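Some notes on the structure that comes next.
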2 protein chains.
Amino acid sequence: MGEDKIKNMEEFAARSGVSRPTVSKYFNDPNSVRKSTRIRIEAALERYDYRPNVYAINQNRRLTKNIGIVVPFVADPFFAELARNIEQRFIAAGFSPTTFSSHGSPQHENEILDTLRSIRPAGVLMAPLGRASDRSSIEKFCDDVPTVLFDSNIEGVGEAFVGSNNMQFVQLSVEYLCRTGEPPIFLEMSPVNPNANKRRNAFIQTMERLGFEPHIVRVDGEGWGFEEIGYKGGLKLISERSLPTKSVLCSNDRLAIGFLAACYEQGLRVGHKADCDIRVAGHDDHPFSRFTCPSLTTVSQDYEAISERSVETLLALIESGGTGDSRHETLFEGKLVMRASA
Amino acid sequence: MGEDKIKNMEEFAARSGVSRPTVSKYFNDPNSVRKSTRIRIEAALERYDYRPNVYAINQNRRLTKNIGIVVPFVADPFFAELARNIEQRFIAAGFSPTTFSSHGSPQHENEILDTLRSIRPAGVLMAPLGRASDRSSIEKFCDDVPTVLFDSNIEGVGEAFVGSNNMQFVQLSVEYLCRTGEPPIFLEMSPVNPNANKRRNAFIQTMERLGFEPHIVRVDGEGWGFEEIGYKGGLKLISERSLPTKSVLCSNDRLAIGFLAACYEQGLRVGHKADCDIRVAGHDDHPFSRFTCPSLTTVSQDYEAISERSVETLLALIESGGTGDSRHETLFEGKLVMRASA
DNA sequence: ATAATAAATTTACGCGCGTAAAGTTTGCAG
DNA sequence: CTGCAAACTTTACGCGCGTAAATTTATTAT
């Protein structure tokens, strides 16, 4: 292959013995041309590796095949895996996804929206920072570009939302902990997104329903270094002996990972066995939760389902022309993952 | 701002009272126009938020301002942070970086190279998969696009390499472990890249220099789930009591994290204190190593230095026209990070 | 002031492709 | 064989901008 380099579609069309408009049609949808001509084009493709210029394509198409994927913090393996999963689904659907990370900064998040506008995407799948997000910027963006939110909701923004049922998550964990031992306290940090608030409220509600006093402990710290926050907060709580119970339910796994490190350092034995000092559980089933010491009991996010539904929803939105009728929210249930820590 | 939408540079030029070629010149380099006209353009920019069409720009420019960044596995926070750091440096230099992850798959790595060709980048910064990489594909790619390798070297490929001095890393850790207790064995997995091999060889060499018998234990497992490999391998080694020493030096931190989980589960107390059963150390100073139980003693990669030098090298290469004289390799030293595990 | 230089303008072309309209060929049913 | 729709070819325009050459205008030096 590759006798001599092909400059453009004109040349390639000549080589393949087909007119340029037909070749153009082929690249937009190989099934839109007759079988015999498809064979001729593909035979030429093997001989002269030619690829249409993406910039020329995107400049002229009414709508590009680009998809923007925005996650709040790609250094969190949970989001990295989610993004990877989503990317591959879009590729399979014939789109060109690009992933962006807000790196925990609302300013960066806004810059990403600017970048996204400039690539004129067919649609965007966005997991916003949450509380720190600049609501009006995102709202304006959603007016221009078909956007589906996932993971973290912003009420009324975007054409749809796909995420987890935080209420059910916390019900699962609280009921389990209450059933198998002392009722837990809820360890949280300054909430970065609505999920955190929903989890806390669900904790209160579930504890009250079960007839227990809900006790919430908030640890200090800002930003996306959740482990650090859980660790430092844990050290403080343990050394001051201000933990009122022997069961700790963490708002999320990353916080729990930090808290476990503090427990270990302070000599607290964590687990559900008789000789243990404290039980610790989390939420999300973070990729690292299997490798904590002890392994972390948690509620797993169904991220296969979340990514699948997000992609489906956005593709449907794009096909419908961008204006979904009414904003729809989909929440997936979690599963209790019992490990050694609680 | 934003009275009415500006369609193109022609319109914007009219609004700002400057000719289109001059506006074009401005966007390519704001300092290339006279101060008075720069002010007029920027005044108009504030009123009519206009941004040049990226596709039209890139179609016509001889060389784009695009930069490709390729990492082997973005779900590893180490690479995510590295990529973020590198991205921001390129942005500061006026380029448009895009990060791609090979997701551990050589096939995917090759697809990324194809994608990269199609965006005609000014340069590429690539951390190859390593042993699994398709050398000839990468070589061919480097013929077409100015490319600097980082993190993992492929001898003779690319215009330069920037990474860590694995020899020095292992010297540091081995000398420390030998100085403070029983000489370590080296725990490795099937090597994914040359770094792993270099570390093993450095281990042998350093141990022999210190007058000890080098003992290497390899655990089974393929792919990029290093923690899993370390965990399962650790369980097997411990339960079979086939560990010959009480000091274990892991090839990398992620392997050590899995091994620590196995130790914990098997009831082995890890640490350098008198009442401990085993010491464990790693290499890289992975973001999570601070939060393992116990916290992991390791050798830190100087990833600020690596990212800075990588970017510098590539930018210099681009400015020089893409053909660096001779291939240059830069290796940075690591620092011993003493924590609780060894 | 005038000359010399720098910068901006005018004009024009081309990049590679999408896309539309009109005419031509092909495939297939009856 | 005829008829007809589907697919193709030809022709042509436009997308938004980079860029070059020739000309005019503004700035600086003398």
Side-chain angles (χ1 to χ4, degrees), chain A residues 4-45 48-66 94-96 117-122, chain B residues 4-45 48-66 94-96 117-122:
Chain A
D4 34 16
K5 294 293 169 195
I6 304 272
K7 242 184 32 198
N8 53 31
M9 195 179 279
E10 195 76 53
E11 266 191 43
F12 175 76
R15 294 289 214 288
S16 57
V18 178
S19 74
R20 188 178 69 77
T22 303
V23 172
S24 171
K25 209 155 167 279
Y26 168 85
F27 278 110
N28 280 321
D29 178 9
N31 290 318
S32 68
V33 303
R34 203 185 297 151
K35 190 176 174 185
S36 58
T37 66
R38 184 164 57 244
I39 288 172
R40 294 166 73 182
I41 292 175
E42 281 165 359
L45 266 181
Y48 307 98
D49 77 336
Y50 158 76
R51 306 186 60 170
N53 180 309
V54 290
Y55 299 115
I57 291 176
N58 286 323
Q59 176 173 17
N60 296 308
R61 249 209 270 267
R62 304 189 183 295
L63 196 59
T64 72
K65 287 279 192 177
N66 296 331
F95 286 79
S96 301
R117 273 183 218 276
S118 74
I119 65 170
R120 299 187 356 218
Chain B
D4 35 15
K5 294 294 168 193
I6 304 271
K7 242 183 33 197
N8 52 30
M9 196 179 278
E10 195 76 52
E11 266 191 44
F12 176 76
R15 294 289 213 292
S16 57
V18 178
S19 74
R20 188 178 69 76
T22 304
V23 172
S24 171
K25 208 154 169 283
Y26 168 84
F27 278 111
N28 281 320
D29 178 9
N31 290 317
S32 67
V33 303
R34 202 184 299 152
K35 190 176 175 185
S36 58
T37 65
R38 184 164 58 242
I39 288 172
R40 293 164 74 184
I41 292 175
E42 280 164 0
L45 266 181
Y48 307 99
D49 76 336
Y50 158 76
R51 307 187 56 171
N53 180 307
V54 289
Y55 299 115
I57 292 175
N58 286 323
Q59 177 173 16
N60 296 308
R61 248 210 271 268
R62 306 191 182 290
L63 196 59
T64 72
K65 286 279 192 178
N66 296 332
F95 286 79
S96 301
R117 274 183 217 275
S118 73
I119 64 171
R120 299 188 352 216

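Remember, predicted model here, so these are calculated numbers, not experimental data. So you know, we letter chains A, B, ... as the sequences are listed, proteins then strands, and number each from 1. All heavy atoms count here, side chains included; hydrogens, waters and symmetry mates do not.
Comparing B:Gly17 and A:Ala56, the nucleotide of DNA chain C nearest to each residue sits closer to the 5' end for B:Gly17. For the pair B:Asn60 and B:Ser32, both in contact range of DNA chain C, the more 5′-proximal nearest nucleotide belongs to B:Ser32. Each of B:Asn58 and A:Lys35 lies near DNA chain D, and the nucleotide nearest A:Lys35 is the one positioned closer to the 5' end.
Taking atom CG on A:Asp29 and atom P on D:dA7, their separation rounds to 11 Å, with Å as the unit. At whole-Å resolution of the value, CZ in A:Phe27 and P in C:dG16 are 15 Å apart. Computed from coordinates, the A:Arg38 CZ to D:dA6 C1' distance equals 15 Å when rounded to whole Å. Between the CD1 atom of B:Ile57 and the C1' atom of D:dC15 there is a distance of 14 Å, rounded to whole Å. One interatomic measurement links the two molecules: CD1 of A:Ile6 to C1' of C:dC17, which rounds to 16 Å at whole-angstrom precision. A:Leu63 has its CG atom 15 Å from the C1' atom of C:dT19, to the nearest Å. Whole-Å rounding puts the B:Ile119 CD1 to C:dG16 P distance at 18 Å. Between A:Gln59 atom CD and D:dG18 atom P there is a gap of 11 Å when expressed in whole angstrom units.
No donor-acceptor distance shorter than 3.5 angstrom exists from the side chain of A:Tyr50 to the backbone of A:Ala44, with no hydrogens or angles considered. Panel note: side chain B:Thr37, backbone B:Val33; no donor-acceptor pair is recorded below 3.5 Å. Checked by atom type and distance alone, the side chain of B:Thr64 never pairs as donor or acceptor with a backbone atom of B:Asn58 at under 3.5 Å. Using a distance-only test at 3.5 Å, with no hydrogens or angles considered, no donor-acceptor pair links the side chain of B:Ser96 to the main chain of B:Asn66. With hydrogens and angles disregarded, a donor-acceptor distance shorter than 3.5 Å links the side chain of B:Asn8 to the backbone of B:Glu11. Put simply, the side chain of A:Arg38 gets close to the backbone of A:Pro30: a donor and an acceptor are under 3.5 Å apart.
With C:dG27, C:dT10, C:dC17 as the choices, the nucleotide that has an atom nearest any side-chain atom of A:Asn53 turns out to be C:dC17. Side chain of B:Pro21, nearest nucleotide from C:dC17, D:dT19, C:dC15: D:dT19.
Phosphate proximity of C:dG16 to A:Arg51: absent, as no side-chain N or O sits under 4.0 Å from OP1 or OP2. Side-chain N/O atoms of A:Arg62 include one lying less than 4.0 angstrom from OP1 or OP2 on C:dA20. Side-chain nitrogen and oxygen atoms of A:Thr22 include at least one within less than 4.0 Å of the OP1 or OP2 phosphate oxygen of D:dT9. Distances shown here put every side-chain N or O of B:Tyr26 at or beyond 4.0 Å from the OP1 or OP2 atom of C:dA7. Residue A:Ser24 places at least one side-chain N or O closer than 4.0 Å to OP1 or OP2 of C:dG18.
The base of D:dG18 does not come close enough to the side chain of B:Asn28 for any donor and acceptor atom to sit less than 3.5 Å apart. No hydrogens or angles were tested; on distance alone, nothing pairs the side chain of A:Arg20 with the base of C:dG16 as donor and acceptor under 3.5 Å.
Backbone-only engagement by B:Pro52 is indicated by non-hydrogen atom pairs under 4.0 Å involving sugar-phosphate atoms exclusively. Here A:Tyr50 lies in heavy-atom contact (under 4.0 Å) with sugar-phosphate atoms only. Looking at heavy-atom distances under 4.0 Å, A:Phe12 makes no contact with the nucleic acid at all. Counting any heavy atom pair closer than 4.0 Å across all strands shown, B:Thr37 reaches sugar-phosphate atoms only and no base atom.
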